[in-house]
Undergrad: 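Mind having a look at this structure? Questions to follow.
Letters go in sequence order (proteins before strands), and every chain restarts at 1.
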There are 2 protein chains.
Amino acid sequence: MTLEIPEVVINRLPVYARALAALAMDGETVVSSQTLGERLDVTPAQIRKDLSYFGRFGKQGRGYNVLGLLAKLREILGLDRKWQVALVGVGRLGQAIAEYGGFEPQGFQIVAVFDSDPAAVGTTVNEVVVRDSEELDTFLRQNPVDIGVVAVPAHAAQQVVDRLVNAGIRAILNYAPMMPHVPLDVAVRNIDPVLAMQSMTFYIKRQDLTGAK
Amino acid sequence: MTLEIPEVVINRLPVYARALAALAMDGETVVSSQTLGERLDVTPAQIRKDLSYFGRFGKQGRGYNVLGLLAKLREILGLDRKWQVALVGVGRLGQAIAEYGGFEPQGFQIVAVFDSDPAAVGTTVNEVVVRDSEELDTFLRQNPVDIGVVAVPAHAAQQVVDRLVNAGIRAILNYAPMMPHVPLDVAVRNIDPVLAMQSMTFYIKRQDLTGAK
DNA sequence: TCCCTGTTGTTACGGATTTCACAACCGTAG
DNA sequence: CTACGGTTGTGAAATCCGTAACAACAGGGA
């Protein structure tokens, strides 16, 4: 029953949750799939269908209780608790990630940072001491870490991913410009702005007879 | 005939292109859909199908000429030329983007940077002077810019997106944690690490009885 | 030349996802 | 207490996408 929920559906739930949080901020107490859909550019039917995978949360004629549905989604997604994150790579990108303030408020705590560069090891990034990558395996086995964030050069990324996986990590946020190879039971999300740009250019290349010839 | 190419297909092309570039680096001159697929965790059939939307690039019994196919893909995607990028928002995130070295080598040049904070205006980020956001519209009309990158707080993002769109920008890379509303002919890609994490937690929440032993 | 191996391009199939459409229902107003 | 406007939850239909399968063909070797 709870099985076979499409991944696309799971990917949309956090979007709904965020919108609901915003609505709650605005003081809204009830919202219909129609209204929510307009906000998110999603059809009302899709929202209702997505939610129906998990239960019946609405009230006919009224819509959904904003706070109630938000709580439900957070529970479904496991956002009702804190998550421990380990960051590997403290180059420019890694530092930016460590110092990014968006994770903490959502319950994602960077509890450990690793780098293979001896010059970086021992320094502090956002109040966390940088450890030697060699310690990665032992640290992960001794401390509860749920999610690994990879911010190393592409050529080193697969090795890092392998080590994370071998140490039991089952969720990886990959910033390296490559597609990691992982077992089926490991979740991976790639953050790849260059790929994103490179697919957009297809759509804008037609026109743009701009300036330079 | 060339119309109605699924967006998912377009999104995979840059991945193929990147893999081909890597193969070329390794000195490979020919590659089969089989081999390429193994590298990327994609079925050979999918690769062939994707490519078939654009033409016939392979040779039976041999496979694809690495350099030849790469050139074709770059042409299809419009990667065979330079693209001008404008960045809006020079907070921590915006600075990290401006200083990120991954765009330039792929032909994406940040030619202008904007911020609404008077304290930031006039400073230099990665050799580009920060302009006042007020100048956004006039600048975009007078200078060829192809892609807009949004790195402002969520509450200000829609307004920035609207201004970019009104100024004729038709491709937007959005780093703000929100879903921008844009006309159908504008391409948008969202970079949202928090959403990515929030969907992964669904898959790892089952086990992980935290810390234990 | 002819056969054998390997691989493409493509069509047909099937599965996955989205959209449609509507019965069931809630709350309110009369 | 009944009627009505509004909205959900959901099966069925439609669409979109991926996979399988195979005829066609290239190159090499006998």
Undergrad: Could you tell me the boundaries of the chain A footprint on DNA chain D, defined by atoms under 4.0 Å from its heavy atoms?
TA: D/dG6 to D/dA12

Undergrad: May I have all residue pairs that pass ring pair (Phe, Tyr, Trp, His ring centres under 6.0 Å) and include part of residues 158-193 of chain B, sequence neighbours excluded?
TA: none

Undergrad: If you look at every heavy atom in B/Ala187 and A/Met200, which pair is closest and at what distance?
TA: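 Nearest heavy atoms, B/Ala187 then A/Met200: O-SD, 3.6 Å.
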
Undergrad: Closer to the 5' end of DNA chain D via nearest nucleotide, is it A/Gly61 or A/Asp50?
TA: A/Gly61

Undergrad: Output the rounded distance in Å from CG (B/Leu36) to C1' (C/dT7).
TA: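 Value for this atom pair: 14 Å.
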
Undergrad: Could you give me the CA-CA distance, side-chain angles and deciding distance for B/Gln95 and B/Glu99, then say whether side chain to side chain donor-acceptor pair (under 3.5 Å) is met?
TA: CA-CA 6 Å; B/Gln95 276 182 44; B/Glu99 286 162 10; over 6 Å; no

Undergrad: When you measure from every atom of DNA chain C, which of residues 13-33 of chain B have a heavy atom less than 4.0 Å away?
TA: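 Contacting residues: B/Ser32, B/Ser33.
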
Undergrad: Can you tell me if A/Asp162 and A/Gln158 form a side-chain donor-acceptor pair at under 3.5 Å?
TA: yes

Undergrad: Before accepting this row, confirm whether a basic side-chain N of the pair B/Asp146/B/Lys82 lies closer than 4.0 Å to the acidic partner's carboxylate O.
TA: no

Undergrad: Do nucleotides 9-17 of chain C as a string where each nucleotide becomes B, S or -: B if the base has a protein heavy atom under 4.0 Å, S if just the sugar-phosphate does, - if no protein is that close.
TA: BBBB----S

Undergrad: Would a distance-only check, ignoring hydrogens and angles, find a side-chain to backbone donor-acceptor pair under 3.5 Å from A/Trp83 to A/Gly78?
TA: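 Pair found, side chain donor or acceptor close to backbone of A/Gly78.
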
Undergrad: Checking B/Phe114 now: which residues fulfil ring-ring contact (aromatic ring centres under 6.0 Å, His included) with it, not counting sequence neighbours?
TA: B/Phe139

Undergrad: Short question: side chain of B/Thr201, backbone of A/Leu77 - any donor-acceptor pair under 3.5 Å?
TA: yes

Undergrad: For a quick test of your reading: what N or O donor-acceptor pairs under 3.5 Å do the side chains of residues 54-72 of chain B make, sequence neighbours left out?
TA:
residue, atom, partner, partner atom, Å
B/Asn65, OD1, B/Leu67, N, 3.1
B/Asn65, OD1, B/Gly68, N, 2.7

Undergrad: Judged by atom type as modelled, is there a donor-acceptor pair below 3.5 Å linking the side chain of A/Asp115 to the main-chain atoms of A/Gly89?
TA: no

